[in-house]
Amino acid sequence: MIRTRFAPSPTGYLHIGGVRTALFNWLLARQSGGQFILRIDDTDAGRNVAEALQPILDGFKWLGMDWDEGPEVGGPHEPYYQSQRSELHQAAAAKLLASGHAYRDYASADDLQALRTEAEKKGERFFYDRRFMAEDDAAAAKYEAEGRVATIRLKMPREGECVINDLIRGEVRVQWATEQDHVIQRADGSCIYHLASAVDDHDLQITHIVRAEEHLPNTARQIFILESLGYELPQFAHLPYVAEPSGTAKLSKRKLSKYEKNKDFANLLSHGRSIAERCGFETSADTFNPVIVDFYREIGFDADAILNYLVLLGWSLDGETEKFTVDEMIKHFSLDRVNKAPASFDPQKLLSFQGDAFAALSLETRVDRCRPFAVAAGFITEEAAGQNFAAIVDGAGDRIKMAGDILDFDYFFKDDIAYEEKAFQKRINKPENARELLVKLADFLESDSSDFDVDRSKALVEEFCTNESIELKDIIHALRVATTGTAAGFGMFETLAILGKDKVVARSRDAAAKR
RNA sequence: GGCCCCUUCGUCUAGCGGUCUAGGACACUGCCCUUUCACGGCGGCAACACGGGUUCGAGUCCCGUAGGGGUCACCA
């Protein structure tokens with residue numbers, strides 16, 4: 001039985017790269033009927049763990065990645081908060097100490113700092129020389145009499161090599177002698193991540209540790225811990241990290257200002273911001289940006305589109321197939337087709353996937369997705385969203401790439417429309433007879449008493465053109481600007497029918513009167 | 001700097017010694033469709049980092065070089 005885990009620390013947000021790592025873990029578990037565990041690595045976290053965890057859990061729920069054990073659902077290996085497992089970690093540290101794989105060390109922070117400075121001065125790299133190691137109780141007592149407090153350090157082998165069998169990278173060899181005697185237990189008795197993580201992974205019976213490659217350099221150390229404790233080794237798979245847009249460095253939440261210089265990233269962000277602002281959502285938070293998964297949820301992305309895009313960041317089925325449902329991902333995913341090189345995050349491709357995913361949804365679903373945005377923007381009320389609203393979503397078709405794009409069609413909902421300056425100049429001001437035609441058309445439409453639907457509005461405008469000896473294009477552009485305020489939109493007659501004759505007539509006259 | 005990892009179009013990738021004058025997708029772009037925009041259709045531009053081997057034959061295997069990146073805490 002495959003058991004995988006994702007172990008976030010409660011930071012208050014879900015990073016897009018983290019989602020990719022979690023996705024691969026989740027896929028691996030789901031495809032084999034295995035289990036996916038969420039463990040919270042809050043060893044060093046501050047007080048508001050619950051608060052900082054919630055956005056992460058919400059993110060998982062939204063994305064549809066369910067966990068078999070962890071927060072909220074519990075499980076047979078409780079607790080799933082690392083901070084609550086400290087007894088286990090301390091017992092492991094004691095065991096390592098007893099077996100001689102670790103030692104008590106009495107170097108103070110100042111001592112260490114001095115040693116580092118010294119090494120630096122000589123142009124050497126710092127390598128702890130066990131100077132304050134207590135070989136036995138007598139030595140320990142002596143140090144303690146001086147008021148020193150012990151940390152516990154790993155006693156790493158000084159010869160030989162560690163061979164990591166990585167499912168993605170193959171054999172990775174590391175000389176033991178290059179490994180430091182890492183601290184595993186602090187002077188205050190609490191344990192360090194490497195120890196805690198290794199112990200917890202074993203205790204939770206994790207079979208496959210799938211994580212980002214920044215953990216690769218730590219792996220030898222963890223293998224040493226696991227082996228010294230007599231534990232069986234899990235399988236390791238180190239994923240390439242997700243790189244920044246048009247770059248090769250690791251994608252980081254801290255380098256936003258740099259990414260904003262990337263045109264595509266900046267466009268996505270400002271597009272999202274404009275949707276959120278019109279809905280009255282908070283956009284100043286530093287979590288409102290395309291590196292954080294919340295951003296996408298807030299502006300109406302599809303969870304499946306994000307998953308589809310992310311699964312292709314470092315993995316492929318065959319180089320041809322790109323669109324996967326979640327079930328297909330589960331069926332086809334495999335670690336041996338994961339790439340070794342980092343994949344850079346491409347906002348444009350994500351957007352393209354999202355557009356396709358949204359277009360594939362039924363009209364009913366698209367209406368349901370768009371409605372909350374129109375409500376939040378004050379365009380409609382929950383109750384009033386009837387036929388007309390569905391017709392707008394339908395008419396807009398694939399012009400809506402994400403649910404929040406419904407806000408682009410604000411002219412259907414507002415009483416006063418704003419004219420785009422350029423469009424107004426070109427289609428109403430510049431043509432000599434545009435105003436005259438608009439007024440005439442308004443009169444003509446008004447004189448007709450039949451139902452004003454798509455077909456009827458088309459027939460009427462065409463008849464008008466015949467009467468005036470003009471072509472459709474001679475009036476339609478002016479009519480569009482007059483009725484919508486913009487030069488671009490969907491089918492003119494669908495637009496007119498949704499607006500209704502009264503508004504079309506009134507807006508035509510308004511536009512003609514405006515200077 | 002030490003250790004480790006990586007290297008095919010701008011980007012995501014296919015390629016597991018001959019079928020590669022290197023395929024697909026996004027982006028860009030030309031034409032067509034068209035009441036605008038979007039969609040769609042048909043084209044186009046564009047890559048094996050470099051140098052040595054091995055081999056009849058190398059994008060594919062080996063070794064170097066260069067470049068990029070990760071990591072080096074009593075953080076996770």
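Lettering follows sequence order; numbering is per chain, from 1.
The side chain to side chain contact (heavy atoms under 4.5 Å, CB included) check on A/E494 picks up A/V454, A/F490, with sequence neighbours excluded. Taking A/D110 as the reference, nothing meets the side chain to side chain donor-acceptor pair (under 3.5 Å) condition, with sequence neighbours excluded. A search for side chain to side chain donor-acceptor pair (under 3.5 Å) contacts involving A/E179 returns nothing, not counting sequence neighbours. The side chain to side chain donor-acceptor pair (under 3.5 Å) search around A/S83 returns A/D42, not counting sequence neighbours. Residues passing the side chain to side chain contact (heavy atoms under 4.5 Å, CB included) test with A/R39 are A/R5, A/A7, A/D41, A/Q82, A/S197, A/D200, A/D201, A/L204, sequence neighbours excluded. By the side chain to side chain contact (heavy atoms under 4.5 Å, CB included) test, A/T466 is found to be paired with no residue, residues two or more places apart in sequence or in another chain being considered.
Heavy-atom distances under 4.0 Å link RNA chain B to A/L312, A/L313, A/G314, A/S316, A/D318, A/G319, A/E320, A/E322 of residues 310-323 of chain A, given in residue order. Proximity of residues 477-499 of chain A to RNA chain B (heavy atom under 4.0 angstrom from any strand atom) is restricted to A/H477, A/R480, A/A487, A/A488, A/G489, A/F490, A/G491, A/M492, A/F493. Of the residues in residues 236-252 of chain A, those lying under 4.0 Å from RNA chain B by heavy-atom distance are A/Y241, A/T248, A/A249, A/K250. If you check residues 396-413 of chain A against RNA chain B, the residues with a heavy atom closer than 4.0 Å are A/D398, A/R399, A/K401, listed by number.
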Using a cutoff of under 3.5 Å, can you pull out all pairs of nitrogen or oxygen atoms linking the protein to nucleotides 1-5 of chain B, with atom names and distances?
{"unit_1": "B/rC5", "atom_1": "O2'", "unit_2": "A/R169", "atom_2": "NH1", "d": "2.5"}

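In summary, the aromatic rings of A/F333 and A/F324 are positioned with their centroids too far apart to meet the 6.0 Å limit.
Cation-pi geometry between A/K323 and A/F353 is met: the NZ or CZ atom falls under 6.0 Å from the ring centre, inside 45° of the normal.
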Between side-chain atoms of residues 417-424 of chain A and protein atoms elsewhere (two or more places apart, or another chain), which donor-acceptor pairs fall under 3.5 Å?
{"unit_1": "A/E420", "atom_1": "OE2", "unit_2": "A/T486", "atom_2": "OG1", "d": "3.1"}
{"unit_1": "A/E421", "atom_1": "OE2", "unit_2": "A/Q425", "atom_2": "NE2", "d": "3.4"}

